[in-house]
Amino acid sequence: MKTVLISGASVAGLALAQRLHAHGYAPTVVERAPAVRPGGHAIDVRGAALTVLDRMGLLDGARRARTRTRGMSMLDGDGNELWRSTEMTYSAGRLDSDDIELLREDLTALLHRNADAHTTFLFGDAVAALDQTPDGVHVTFAGGARRTYDYVVGADGLHSGVRRLVFGPDARHLRHLGSYVAVFTADNFLGLRDWQIWCQGESATYCVYPARDNTELRVTLGFRSEPLDHDHRDTAAHKVLLAARLESLGADTPKLLDAMWTAPDFYFDAMAQVHMDRWSRGRVALVGDAGYCASPLSGQGTSLALAGAYVLAEELGRSADPATALPRYEERMRPYVESTQALATENPGEGPSEESLERAKNALVLGEM
C-alpha cells in the first residue's frame, strides 16, 4: 500500500487523508499542535465543495452544524447603526442560499472523526527536513524521528513549512492584501442572539457574532496596513499591536479588546494570498492555503481546501506516478483557484458580487465517483 505524509490537520489535510484512504493509500497526518486546533471563525462551504462533503458522507452533518444567524447590523466607527439586513450577512452571503456556513472547528471535528479510523496521527510534531529520491521522500521530523513515504503533501496553511523546504521562503509566494486580522472566542458578554454586528472605522474594523446556542462570541478584529515586520507566532506582540491599532474605534471595541487578552484560542495573521507557478515538485505537493490561499476576503478558502483535497486524491488514485498525477491535479484546479483568488480583490471594502461568486463556484466540475 502506498504511503502519504500530510503536514497539517485542518480542513485540507483531514479531507485529503479520508479521500486518499478511499483510493487505497495509507495516510499519516503530522500536526504541530497537540490536537486538532479549536476555535476559528465561521467558514462557508460552496459549489463543488458541497459535492465533496456529500461524497464523503458529511453533508448532512455539516448542515446540522450550520450557524443560525438571522441577520447583521453595520455600525460606523462611532458605533452608530448605518443599516441592517435579515437577508444576508457579510460572513455567509445570502441567508436563503444552499451554501453552508459553520464554525471552522465544527467542520474539522467532522473531518477528523471521518478520517481517524484509517489515519495515523502524529500530534505535537512537524516536518523538519525532506530528502527526495526517485522512489520516495525521506522525512526528518522535528522530534527526531526519520521515516520514508511515497508522497508528502503540505496542507499546513499560509506559512507552510513544507512549502518553505521545497519551494523557498514565504516572501517568494505571499501577496499581501493590505490588512491584518485576528480571531478569538469569548463569553457572550454582549448578549447577542443569532445576530452579527460589524463596526467599520477609517482604518480598523470588527465583527462579532454568537455561537454555541448564543453562549459564546466569535470576535474578528482587523486593521488596514502595509506589510509589517513581525513574527507570525508572537501572540503577545500581536495583542499589543491590535490594542494600539483599534483604540480609536468606538462601539464595543474596548470590551472586545479586554476579552482579547485572555482569549484561549487567539489567532492573528495578514490577509494574504499564495501565488505559485506550480504546486508540486517531485513527490511533494501542496494543497489548500499552503499552495493557493485565497484569503478570507474571498469567502471560498474552505471550499478551495475541500475541492483541492478531493481532486489531488482522485488523481493519485488514478495514477501512482507523480509525473502523471500531480500535473493533472494542477491542471484541473488552476482555473478554480484563479477565479476564487480574484474574488478577494474584486471590490475592496465591499466584497465579491453575487455573479462573480457564482462563476467561482462553478469553475470546477467534479466527475462521477
Side-chain angles (χ1 to χ4, degrees), residues 7-16 36-37 39-53 58 62 66-67 89-93 97 99-108 110-111 153-160 163 170 173-183 207 218 220 222 232 267-276 279 286-312 333-348 351-352 356-364:
S7 177
S10 192
V11 174
L14 294 170
L16 181 62
V36 175
R37 296 175 190 265
H41 52 76
I43 49 85
D44 300 296
V45 181
R46 296 174 166 136
L50 293 170
T51 303
V52 171
L53 285 186
L58 300 178
R66 72 191 309 164
T67 60
T89 66
Y90 278 171
S91 68
S97 76
D99 302 341
I100 298 175
E101 182 187 64
L102 72 167
L103 296 177
R104 187 197 67 85
E105 65 184 2
D106 286 346
L107 179 58
T108 56
L110 277 174
L111 294 167
V153 179
D156 42 354
L158 182 66
H159 300 283
S160 168
R163 188 184 64 232
D170 285 358
H173 312 295
L174 266 57
R175 183 175 299 175
H176 186 64
L177 297 182
S179 59
Y180 287 81
V181 65
V183 181
C207 168
R218 295 301 163 97
T220 301
H232 74 273
Y267 167 87
F268 175 86
D269 213 333
M271 286 286 193
Q273 293 185 342
V274 174
H275 289 262
M276 304 182 69
W279 305 320
L286 303 173
V287 68
D289 282 357
Y292 35 84
C293 178
S295 90
L297 295 173
S298 73
Q300 298 241 116
T302 301
S303 294
L304 271 183
L306 288 169
Y310 185 94
V311 172
L312 176 56
M333 283 297 297
R334 184 71 66 174
Y336 185 35
V337 168
E338 290 178 351
S339 62
T340 298
Q341 289 184 327
L343 297 176
T345 56
E346 181 187 57
N347 295 307
S356 58
L357 278 170
E358 283 301 312
R359 285 197 302 272
K361 285 163 59 175
N362 296 325
L364 176 68

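Note that the numbering runs from 1 along the sequence shown for the chain. When reading the values below, keep in mind they use all heavy atoms of this one structure, side chains included, and skip hydrogens, waters and symmetry mates.
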When every non-hydrogen atom of D44 is compared with those of S91, the smallest separation belongs to OD2-O, 2.5 Å
Taking every heavy atom of A272 against every heavy atom of L177, the minimum-distance pair comes out as CA-CG, 4.1 Å
Test log, rule side chain to side chain contact (heavy atoms under 4.5 Å, CB included), inputs V181 and D269: CA-CA 6 Å; V181 65; D269 213 333; 5.6 Å; no
### Task
Indicate yes or no for a side-chain donor-acceptor contact from S339 to the backbone of Y336 under 3.5 Å, with no hydrogens or angles considered.
yes
The ring-ring contact (aromatic ring centres under 6.0 Å, His included) partners of H275 (sequence neighbours excluded) come to none
Exercise. Taking the inter-plane angle between the rings of Y292 and W279 on a 0 to 90° scale, is it parallel (under 30°), tilted (30 to 60°) or perpendicular (over 60°)?
Worked result: tilted
> Got D99 and V45 here, is their nearest side-chain heavy-atom distance under 4.5 Å?
Replying inline: no
* Answer yes or no: is there a side-chain heavy-atom contact under 4.5 Å between R218 and V183? => no
Between the CD atom in E101 and the CG atom in D106, the distance rounded to the nearest 0.5 Å is 11.5 Å
Test side chain to side chain contact (heavy atoms under 4.5 Å, CB included) on T108 and V11 and set out the steps.
CA-CA 6 Å; T108 56; V11 174; 3.9 Å; yes
Open item on the list: Using a strict threshold of under 4.0 Å (side-chain N to carboxylate O), is an ion pair present between R163 and D170?
Closed with: yes
Output for pair (H176 NE2, Q273 CD), nearest 0.5 Å, gives 12.0 Å
Taking every heavy atom of A290 against every heavy atom of D156, the minimum-distance pair comes out as CB-OD1, 3.8 Å
To the nearest 0.5 Å, atom CG of L16 lies from atom OG of S10 at 12.5 Å
The reported gap from CG in L343 to CG in L297 (rounded to nearest 0.5 angstrom) is 10.5 Å
The reported gap from CD in Q300 to CD1 in I43 (rounded to nearest 0.5 angstrom) is 11.5 Å
Between the CG atom in L110 and the CG atom in L58, the distance rounded to the nearest 0.5 Å is 5.5 Å
For G288 and A12, the nearest pair of non-hydrogen atoms, with its separation, is CA-CB, 4.2 Å
Closest heavy-atom pair, A309 versus A15, reported as atoms and distance to 0.1 Å, is CB-CB, 3.9 Å
Sub-3.5 Å donor-acceptor pair from the side chain of Q341 to the main-chain atoms of A294, do we have one?
-> no
Inset, instruction - Taking S303 for its side chain and R46 for its backbone only, find out whether a donor-acceptor pair lies under 3.5 Å. - result: yes
Indicate yes or no for a side-chain donor-acceptor contact from R37 to the backbone of A9 under 3.5 Å, with no hydrogens or angles considered. no
Sorted by chain and number, sequence neighbours left out, ring-ring contact (aromatic ring centres under 6.0 Å, His included) with H41 holds for none
Minimal heavy-atom distance between V52 and A307, with the atoms involved, is CG2-CA, 4.2 Å
With sequence neighbours left out, the residues meeting side-chain contact (heavy atoms from CB on, under 4.5 Å) with C293 are L158, V274, D289
